[in-house]
Amino acid sequence: MKDFQLYAITGEVFHPGRELIDVMEEAIKGGVDIIQLRDKTSGREELLKKAKALRELTRQYQVTFIVNDHIDIALEVDADGVHLGQGDVPLVEARRLVGDKIIGISTHAIEEALLAEQQGADYIGVGPVFPTATKADVVDPVTVAYVREVAERVRIPFVAIGGIKLHNVDEVIAAGATRICAVSEIVGSPDVKGTCEAFLRKLNGGNGTP
């Protein structure tokens with residue numbers, strides 16, 4: 001998979017009154033290089049409609065597009081890959097279904113991270129680093145100690161996720177993360193593009209200010 005630094009997940013509840021596509025396009029213009037469609041509430045037809053629109057947008061900007069949970073929809077819209085949780089389809093079965101598409105796996109402990117690496121995940125999510133309210137089924141924060149452990153022991157790409165904001169991302173970077181994912185901080189921002197640019201400045205060694 002193409003390397004990446006800034007990963008954004010959709011979260012329409014955080015931008016009422018603004019269209020999903022408009023918000024995600026602003027994120028891409030700000031430097032996001034992976035978009036994930038995560039939608040736990042829409043029915044299949046609505047989800048498929050959103051996936052098609054995001055596939056078109058990400059192709060236009062040559063940005064990687066991932067679908068959360070729904071392997072069938074990822075295949076139908078020819079997404080670049082899927083992201084799965086610990087309770088979803090087992091990675092080995094998912095690989096059989098998606099072939100060489102990207103598979104990302106959420107992990108919350110080093111044993112899960114090492115197993116995902118062993119079984120052929122293309123990348124792992126590491127989190128939630130901090131408390132977060134973006135998911136209803138969220139687990140307890142893993143803290144930056146887990147980020148540090150993964151940075152030391154896991155060789156496949158990992159992305160830190162969960163409660164990451166501009167005010168605390170420095171702790172995550174200091175723990176060894178070179179890729180971060182944010183949801184509400186990006187899509188809920190009144191300045192989506194500027195927020196993404198600030199994250200990238202921090203990831204690239206700056207202090208976030210232009």
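All figures in this text were calculated on a predicted structure; none of them were measured in a lab.
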With heavy-atom distances below 4.5 Å as the criterion, would you say the side chains of V23 and E12 are in contact?
no
Is the CD atom of E46 crowded by more than 12 outside heavy atoms at less than 6.0 Å?
yes
Salt bridge check, R44 against E76: does any charged N sit closer than 4.0 Å to a carboxylate O?
yes
In terms of heavy-atom contacts, Q119 and L91 come closest through O-CD2, 3.3 Å
Nearest heavy-atom neighbours spanning V187 and H15
O-CB, 3.4 Å
For a quick test of reading the model, state the closest non-hydrogen atom pair linking A113 to Y146 and the distance between them.
CB-OH, 3.4 Å
Show the atom names and distances, to 0.1 Å, of all donor-acceptor pairs under 3.5 Å that link a side chain in residues 77-84 to residues at least two apart or in another chain.
residue: D78; atom: OD1; partner: K101; partner atom: NZ; Å: 2.7
residue: D78; atom: OD2; partner: R59; partner atom: NH2; Å: 2.8
residue: D80; atom: OD2; partner: R55; partner atom: NH1; Å: 3.3
residue: D80; atom: OD2; partner: R55; partner atom: NH2; Å: 3.2
residue: D80; atom: OD2; partner: F65; partner atom: N; Å: 2.8
residue: H83; atom: ND1; partner: Y123; partner atom: OH; Å: 2.7
residue: H83; atom: NE2; partner: S106; partner atom: N; Å: 3.4
residue: H83; atom: NE2; partner: S106; partner atom: OG; Å: 2.8

In one Ile/Leu/Val/Met/Phe/Trp/Tyr side-chain cluster, 4.5 Å: V142, L115
no
Any sub-3.5 Å donor-acceptor pair from E185's side-chain atoms to L166's backbone N or O?
yes
Going only through I, L, V, M, F, W and Y residues with side-chain contacts under 4.5 Å, is there a path from L200 to I164?
yes
K193 with E197: basic N within carboxylate O range, under 4.0 Å:
yes
So, does T107 use its side chain to make a donor-acceptor pair with the main chain of V126 at under 3.5 Å?
no
Residues D33 and K2 bridged, charged N to O under 4.0 Å
no
Closer than 3.5 angstrom, by distance alone: can the side chain of R201 be matched with the main-chain N or O of G205 as a donor-acceptor pair?
no
Below 4.5 Å, heavy atoms only, C-beta onward: do R18 and V192 meet side chain to side chain?
yes
Less than 3.5 Å apart, any donor N or O on the side chain of Y7 or T64 sitting next to an acceptor on the other?
no
